[in-house]
Number of protein chains: 2
Amino acid sequence: MVNTVSCSHMFSGISEESYSKMMTCFHSVPKRFSAGETICFYEPKKRTVGIIEKGRAVVVKTFYSGSQTILEQLSDGSIFGEVFYFHANTDGISVIAASDCTVRFIDYGNIMTSCHNACEHHSQLIQNLFSIISCKAAELSEHIDVLSHRTIREKLMAYFQIQCSKNSSPKFKLPFSLSALADYISVDRSAMMREIKKLKEEGYIDIKQKEVTLLKEYIQ
Amino acid sequence: MVNTVSCSHMFSGISEESYSKMMTCFHSVPKRFSAGETICFYEPKKRTVGIIEKGRAVVVKTFYSGSQTILEQLSDGSIFGEVFYFHANTDGISVIAASDCTVRFIDYGNIMTSCHNACEHHSQLIQNLFSIISCKAAELSEHIDVLSHRTIREKLMAYFQIQCSKNSSPKFKLPFSLSALADYISVDRSAMMREIKKLKEEGYIDIKQKEVTLLKEYIQ
DNA sequence: TATAATTTGTTGCTTATGCAACAGAATTAT
DNA sequence: ATAATTCTGTTGCATAAGCAACAAATTATA
């Protein structure tokens, strides 16, 4: 399942100048990684926040079987770390450079504790961190709302309705493939396709490419 | 569904003295409510943190039909507010006094912005808030782990295994009724009962009263 | 451009699961 | 102590949904 990360703005409202000052204050030095290199592994108690200053990377889960799933896609300005990953077990989770990249590591404690130096926008940084975590929690909550429905039909409609209401329109663009959608709502793909077909036939929805339109209100 | 709140320690590590100082600094005055009174309604953009200083209260969702569900149970030291409720819609959510109680309201902004006065433990407070929110997010994430399984059997076993691993024991005590469990894993109760019966017969689990024991490892 | 890999669309078969409906146990309220 | 409510346990029935397997369409990669 690819987690759409729409809520990373750790340094919004913070000037370039303040940013550099902070990095000095946090004793954070940029590190370079080549494409394919492992940037880090997630560990249970580690509380390091990573920032992709330049380049692309992925957070992947590697299973015992050897198969992998991309949990998150990271690019310029993205942050990562066990602090933003709320699962108890961090087994097999690592961050891999997808291109050459420059990465910063900051100790979580340094962010939380107010510094004695002149970090003028430190409290802004903390507020940003809060909104990032709240936003992630809201995404989880939304996911639960969808998964809590009993049938494939209900799950689909719940998902569609949430997307439309976010978009304040009866239309929205699927952010991932239908296969990934089946994955997200945790149902068999073929069964989901069958249900989508029925929903189309009954005039509830219309799907053209990745464009979904809600035609009728669905009352459960 | 009753949400087990195990992660409220907003003022842990903060002395009585610091607490009073903070409250003055935050311009927060204690308010009294009689049993049955409505303490507040949740509103979309409101960012007020509430603290139950003394007494008991409940966060309830009232549906259009008039039926209600208790979302959370609050007691001495519990905190509440839209900041800790990650759903987009706050319709019909209110906090009701279950006994006579004393409640504080603090503006979320005041907590986030560092104060000029002598709030020595302000950064401790922020750290506590972070751990509360992270803990709630972890609970959501755990819930998703359970709901992501396809069959009732898998959902049950996932839930049981999580509880046991938390308890670091093959046994644990169900924190709610079987009906509530069916609610939590989002399946029909009678179908769940049928599956529990089978799991018992096949020697996977044993349930006596609210005591669940995992007998065999379940591989999905 | 050719080739591989992934995604989409479809179907038959089987069974797990939802639903309704009931009765007894256990809890809570009066 | 009695009544009322909630919880637990069970069953028959219909069907939704999982699984496997395939081909065509689309997208990615060499």
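In what follows, every chain begins at residue 1, and chains take the letters A, B, ... in the order their sequences are listed.
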- Task: Identify the heavy atoms of A:Ala98 and A:Ala35 that sit nearest to each other, and give their distance.
- Result: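 The answer is O-CB, 3.9 Å.
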- Task: Identify the heavy atoms of A:Asp91 and A:Lys61 that sit nearest to each other, and give their distance.
- Result: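 The pair with the smallest heavy-atom distance is O-NZ, 3.2 Å.
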Could you state the [atom1]-[atom2] distance from [X] to [N], rounded to the nearest angstrom?
X: A:Asp183; N: C:dT6; atom1: CG; atom2: P; result: 14 Å
X: A:Lys200; N: C:dT10; atom1: NZ; atom2: C1'; result: 13 Å
X: B:Glu154; N: C:dT17; atom1: CD; atom2: C1'; result: 14 Å
X: B:Ile152; N: C:dC19; atom1: CD1; atom2: C1'; result: 12 Å
X: A:His149; N: C:dT17; atom1: NE2; atom2: P; result: 19 Å
X: A:Arg150; N: D:dG18; atom1: CZ; atom2: P; result: 15 Å
X: B:Ile207; N: D:dC7; atom1: CD1; atom2: P; result: 16 Å
X: B:Leu199; N: C:dA16; atom1: CG; atom2: P; result: 12 Å

Looking at [X] and [Y], does any basic side-chain N land under 4.0 Å from a carboxylate oxygen?
X: B:Lys45; Y: B:Glu82; result: no
X: B:Lys200; Y: B:Glu195; result: no
X: A:Glu37; Y: A:Arg32; result: no

- Item | DNA chain D contacts made by residues 185-197 of chain A, counting heavy atoms under 4.0 Å |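 Nucleic-acid contacts, sorted: A:Val187, A:Asp188, A:Ser190, A:Ala191, A:Arg194, A:Glu195.
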- Task: Consider the side chain of A:Ser177, meaning its heavy atoms from C-beta on, and name the nucleotide among C:dT8, C:dA16, D:dC7 that approaches it most closely.
- Result: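 For the A:Ser177 side chain, the nearest candidate turns out to be C:dT8.
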Could you run down the sub-3.5 Å N/O contacts of the protein with nucleotides 25-30 of chain C?
none

- Would you say the side-chain atoms of B:Glu53 and B:Tyr19 include a donor-acceptor pair closer than 3.5 Å?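 A donor-acceptor contact under 3.5 Å links the two side chains.
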List the atom pairs, donor and acceptor, that lie under 3.5 Å between side-chain atoms in residues 167-182 of chain B and the rest of the protein, sequence neighbours left out.
residue  : atom : partner  : partner atom : Å
B:Asn167 : ND2  : B:Lys171 : O            : 2.7
B:Ser169 : OG   : B:Lys171 : N            : 2.9
B:Ser169 : OG   : B:Lys171 : O            : 3.2
B:Ser177 : OG   : B:Ala180 : N            : 3.1

- Could you state the interatomic distance from CE (B:Met22) to CZ (B:Phe11), rounded to the nearest 0.5 Å?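 Taking CE in B:Met22 and CZ in B:Phe11, the distance rounds to 7.0 Å.
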